[in-house]
Amino acid sequence: MVRDAANGTLMKHFKDAYGSRALSIYASRRRGPELLLLYTKKPLPVLEREYADFVAKATSLGARTRIIAGESPLTPVAPAP
C-alpha cells in the first residue's frame, strides 16, 4: 500500500477493484475501510480482532520495558533458564 501510494498507483488499484464511482466517493471523503480491505484481503471483523489483540499486547504489563529495550512486545517472552 505504501509503495503504491509512493508510486502514484494506489488510486488506480482502488479504481480497478471498486470502480470509478467508488473511487470518486472515496477520494472526496478519504475515510472508510475499503482501502485497507483492498490491500489486506481480510474481512473487517478479522482485522478488528487482530487490531484489538495487537493493542492488548502492546499495552500489556511489561510491554513498555520491552519496547524501550528494542524488543517487540508482540513476540512471546522466552522462559527464564
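Values below: every heavy atom of this structure, side chains too, minus hydrogens, waters and symmetry copies.
- Around the CZ atom of Arg3, the shell of radius 6.0 Å holds no more than 12 heavy atoms that belong to other residues, nucleotides or ligands.
- With rounding to the nearest 0.5 angstrom, the OG1 atom of Thr65 is 9.5 Å from the CD atom of Glu71.
- Using a 3.5 Å distance cut-off with no hydrogens or angles, the side chains of Arg66 and Thr75 do pair a donor with an acceptor.
- For the pair Val2/Leu10, no side-chain contact is recorded, criterion being any heavy-atom separation below 4.5 Å from C-beta on.
- Nearest approach of Ile67 to Ala58, heavy atoms of both residues: CD1-O, 4.3 Å.
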Full working for salt bridge (charged side-chain N to carboxylate O under 4.0 Å, His left out) between Arg49 and Asp53
CA-CA 6 Å; Arg49 187 176 58 249; Asp53 291 345; 5.3 Å; no

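- Taking all atoms of both residues into account, the shortest heavy-atom contact from Pro73 to Lys57 is CB-O, 3.9 Å.
- Here the closest non-hydrogen pair linking Leu37 and Leu47 is CD2-CD1, 3.7 Å.
- If you take CG on Leu44 and CG on Leu36, they are separated by 7.5 Å, rounding to the nearest 0.5 Å.
- When all heavy atoms are compared, the tightest approach of Glu34 to Tyr18 is O-OH, 3.1 Å.
- Going from atom OG of Ser24 over to atom CZ of Phe14 covers 10.5 Å, rounded to the nearest 0.5 Å.
- The distance from the OG1 atom of Thr40 to the CE atom of Met1 is 7.5 Å, given to the nearest 0.5 Å.
- Taking each heavy atom of Lys15 and Leu23 in turn, the nearest pair found is CB-CD2, 3.6 Å.
- In this structure, Leu74 CG and Ser60 OG are separated by 9.0 Å, a value rounded to the nearest 0.5 Å.
- Across Met11 and Tyr26, no two heavy atoms sit closer than the pair CE-CE2, 3.6 Å.
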